[in-house]
Amino acid sequence: YDQGDERSDMHLNGNSLYCLDDGAFFEYAELVKRSFPEDTPGCGLPGPEHGYDHTLYKFRRDMPEEVKRKFVEAEYVINFGPEEYHEENVREKYPNLYLAHSKHRFFSNVFKQRLRSSWEIMRDYPRGSDYSRLELSFDDEAVLCKERRRAPVYQIDVSRREFQCKDDAGRRALATSKQECAQHCSKLEYKEMYMSWTTELGRTYEPREKWCTCFPSYCSNGTHDRGFTFYRILPTENPELCRAVDMDEKEPWVHRFPGRTYIWNTDLHAAPIGCNYDLFEAIGGVVHAEVDFPNCVHFPRTCPNSPGLKVLSHNNWGGFGLEPCPRRMRQDFMNAYWRDGIMKRVDLVICSHPIANCELYLPFNDKLLVVYATTRAEFGRWDDGVHWRKPFLHDQSFVRWLHWVENLCMIARNGGVIAANNMYDVKYLEYFTGLKVEYLPTWCGKDALYSPSRAEFLLGPYRTTLKDEGHPVTTRLLKLASEAELVVNWISEIYQHGYSFQDIASHRALIFLPYQTSTMSFFEFYRLAIPIFAPSLRLLLEWQERHHVMDETVYGHPNRPTHLAKSIYPNPNNNVPETNAVWYQWSDFYVFPHVILFDSLEELMIKLRSVDLFEVSAKMILHNADEEDHLKKRWKTVFQKAKERHSRKAKDPSARLLKLMHDSSPPDIEKWTRVAYNKSEYKIPRDNLPQCKQV
């Protein structure tokens, strides 16, 4: 494409069509593969242009003419990437164009202005995941411009180990020492700055290199990580950016992101939405996450944006139960978002951690509510099995649990989606509600893939009890490994300051010691296609009976509603061997294929030596590909349902009355729920604590 010429970048897009039954193509690909080190990520190249598509292109430039002639450049399909795209100009310049690929039409005015600045100054665009680092929140941009403060405009590549300088005229200079840098900046303020860098999970490492800066009022948020290109922001005054902010401010939220599904999430744990973020955006979703929980730093696009989440907060663990005044909080939340511009744009709300906080969104019944369980249904309501929740439980907790089950059934009757990311919680929800629950595993797909280069077998995940010195299970495991001359160690011991997923994928295999039937870490590890060894059901039941390794499975002891028919399954929270034998079979590590099970630690040692790990990994890759395809198709259906619902609610006659009410002052939440859900009776349990009494 146009600016690709200037960058000498004419590679095929990675999602091109390749003739896979052409032996000559495979021969060419093999030559490319041999010309790069085995540990090069994605058979890539140094610098920002990397990956198999760039490699296939750049390799052929040095090939003989008889090879070059096999490649034909045509204008039937063109990838415009992030550059400005105007259909009328494209049609005129490329009359034979059949398919145009462009990201540009989905960008906000602010973001388009940033891209123009990036091109004008750098003669290049950011790539891949760098977009999320370039994009700040819209509200932050507006504040910067309104206060006439310096707004971030472009970013400078800092992946190279050099000093970088900038003078008054905006010229850049590279230097190999701070003295040389100081010469460039002799007339300007000089500062020396140490950089630290952060992995994809937000784990910060100590700085290794110095950078000098000679730009007045210069600020840096530099990051760097092995195998990735990161950027830091150079701020400068930019009236064009402020004009773009003004344009975006005037554009009503309901008109933004045309054709895309706007997804809202306010979980109190970042992993459930963070692990599906990329998959949702790949199929036309725009994710707006406001996760008030410390681990949002590991999923940077999930932390609360400015001005931040309203009413709901972590509140020293109280937010999980909407404590201390749940009814008042539900009313306050409704009041806060009643005429909120962003909320009017929302098509779909996903509630995962805890799912019970979906009660906050019952008044907004033009949105599709997706109750997407990642752990037990009673979490945040009647969860006496969670030690840090016990101070919040009181005589109303039982009533609130039954009220939540009633609300859950009301969501289902109103067309909401009831799902779980693991089969245990599918069966668990069905047991306590009588509803039909859909199984939608979490994606958690990563850029890294199994490529063993280290000798250690990893041990994890863990809880403190399993890591306690002298714990019989892990002590014996490590002793047997040492006797078998196998290197086995805890993830936390090898990577004391954090790890990247490429680090995990570089090990031979993972010995998975469960403490729960489903954890997000299992999905993350499995998507890397690193072979996973796990105890068999028989061995896990033995460990539970002797050592209570799975006690965290039980969150509480809620009553099953009496109107439900008798279940064929025992109560899952009895925590006795006969019950556990029924319920543990739906653990992730028994449901997912190609997990290697062992009946004893002695058998584990034999299998660590004998199993063909590459064959297992290949099967995991195939399963992941099939599951990704299935998940994309199913979530696309959910997204379409959400958009149709939002559109229908805005048009049908019965919705107009609701809209008139919606445009007025927020009504009482109970009265509104009765109208919105066509219920003659609807009561929310009262707040009985003294501090909740209305004045």
Side-chain angles (χ1 to χ4, degrees), residues 129 131-133 135-140 198-204 261-281 285-323 329-330 332-333 336-337 340 342-343 345-361 364 367 369-376 379-381 383 386 388-389 392 419-421 425 440 442-446 498 518-521 523-524 555 635:
S129 58
Y131 283 104
S132 63
R133 299 176 181 88
E135 185 82 89
L136 297 182
S137 78
F138 173 81
D139 296 297
D140 284 343
T198 308
T199 69
E200 285 182 303
L201 293 181
R203 292 183 169 88
T204 303
T261 305
Y262 202 86
I263 303 160
W264 180 269
N265 176 267
T266 53
D267 284 346
L268 292 172
H269 193 292
I273 190 65
C275 266
N276 279 328
Y277 202 113
D278 291 336
L279 183 137
F280 288 166
E281 294 216 324
V286 176
V287 179
H288 186 139
E290 301 268 359
V291 177
D292 187 19
F293 194 70
N295 76 338
C296 76
V297 298
H298 303 320
F299 302 87
R301 293 174 291 181
T302 66
C303 291
N305 295 302
S306 175
L309 180 61
K310 302 175 187 178
V311 183
L312 177 66
S313 68
H314 180 268
N315 190 25
N316 196 25
W317 305 101
F320 289 83
L322 311 182
E323 308 291 351
M329 181 177 285
R330 287 175 63 179
D332 291 347
F333 191 88
Y337 284 102
D340 183 85
I342 301 178
M343 184 57 67
R345 174 62 184 88
V346 172
D347 299 305
L348 182 153
V349 177
I350 296 180
C351 310
S352 289
H353 197 91
I355 58 172
N357 280 359
C358 237
E359 290 179 323
L360 292 169
Y361 296 97
F364 306 95
K367 324 296 179 194
L369 299 188
V370 178
V371 178
Y372 187 35
T374 56
T375 193
R376 309 303 91 82
F379 188 33
R381 296 301 179 265
D383 44 2
V386 182
W388 51 264
R389 283 282 303 152
F392 299 100
N421 78 333
D425 281 305
L440 289 172
T442 297
W443 174 235
C444 276
K446 305 298 177 186
S518 181
T519 56
M520 284 295 164
S521 59
F523 295 104
E524 292 174 329
Y555 272 49
W635 280 110

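By convention here, the first residue in the shown sequence is residue 1.
For Val371 against Cys358, the heavy-atom pair with the smallest separation is CG2-SG, 4.1 Å. Nearest heavy-atom pair across Arg381 and Arg389 is N-NH2, 4.0 Å. Counting all heavy atoms, side chain and backbone alike, Leu312 lies closest to Met329 at CD1-SD, 4.2 Å. Residues Ala270 and Asn295 approach most closely at N-OD1, 3.1 Å, considering heavy atoms. What you find for Ile273 and Ala289 is that their closest heavy atoms are CG2-CB, 4.2 Å. Of all heavy-atom pairs spanning Ser352 and Asp267, the tightest one is N-OD1, 2.9 Å.
For Glu323, the salt bridge (Lys or Arg N to Asp or Glu O under 4.0 Å) criterion is met by Arg400, not counting sequence neighbours. In this structure Tyr277 satisfies the ring pair (Phe, Tyr, Trp, His ring centres under 6.0 Å) test with no other residue, sequence neighbours excluded. Remark: Asp425 engages Arg376 in a salt bridge (Lys or Arg N to Asp or Glu O under 4.0 Å) (not counting sequence neighbours). Scored by the ring pair (Phe, Tyr, Trp, His ring centres under 6.0 Å) test, Phe280 finds Trp635, Phe639 as partners (sequence neighbours excluded). Every residue meeting the ring pair (Phe, Tyr, Trp, His ring centres under 6.0 Å) condition with Tyr262, not counting sequence neighbours, appears here in chain and number order: Trp253, Phe257, His288. Every residue meeting the salt bridge (Lys or Arg N to Asp or Glu O under 4.0 Å) condition with Asp278, not counting sequence neighbours, appears here in chain and number order: Arg301.
Salt bridge present: Asp340 and Lys310 bring a charged side-chain N and a carboxylate O closer than 4.0 Å.
Paired with Tyr361 under the rule side-chain contact (heavy atoms from CB on, under 4.5 Å), one option of Arg330, Lys367, Met343 passes, and it is Met343.
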The test is side-chain contact (heavy atoms from CB on, under 4.5 Å); show your working for Val291 and Leu268 and say whether it passes.
CA-CA 6 Å; Val291 177; Leu268 292 172; 5.9 Å; no

For the pair Phe320 and Phe379, evaluate side-chain contact (heavy atoms from CB on, under 4.5 Å) and give the outcome as yes or no after the intermediate values.
CA-CA 8 Å; Phe320 289 83; Phe379 188 33; 3.5 Å; yes

Please assess Thr266 against Asn357 for the test side-chain contact (heavy atoms from CB on, under 4.5 Å), listing each intermediate value before the final yes or no.
CA-CA 9 Å; Thr266 53; Asn357 280 359; over 6 Å; no

Applying side-chain contact (heavy atoms from CB on, under 4.5 Å), run through Asn276 and Thr442 and close with a yes or a no.
CA-CA 6 Å; Asn276 279 328; Thr442 297; 4.0 Å; yes

I would like to know whether Trp264 and Tyr337 meet ring-ring contact (aromatic ring centres under 6.0 Å, His included); could you show each step before the answer?
CA-CA 12 Å; Trp264 180 269; Tyr337 284 102; 5.7 Å; yes

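Atom CE of Met520 is separated from atom OG1 of Thr375 by 9.5 Å, given to the nearest 0.5 angstrom. Considering CD of Glu524 and SG of Cys275, their distance stands at 4.5 Å, rounded to 0.5 Å.
The shortest distance between side-chain heavy atoms of Ile355 and Tyr372 does not fall below 4.5 Å. Counting only heavy atoms from C-beta outward, the side chains of Phe392 and Trp317 approach each other to under 4.5 Å. Looking only at side-chain heavy atoms (C-beta outward), Leu360 and Leu322 come within less than 4.5 Å of each other. Under the 4.5 Å side-chain criterion, counting only non-hydrogen atoms from C-beta, Thr374 is not in contact with His269.
When atom types are taken as modelled, the side chain of Asp383 and the backbone of Tyr555 share no donor-acceptor pair closer than 3.5 angstrom. Of the possible donor and acceptor atoms, one in the side chain of Asn265 sits under 3.5 Å from a partner among the backbone N and O of Ile350.
Taking the six-membered ring wherever Trp is involved, the centroid distance between the rings of Phe293 and His353 does not fall below 6.0 Å.
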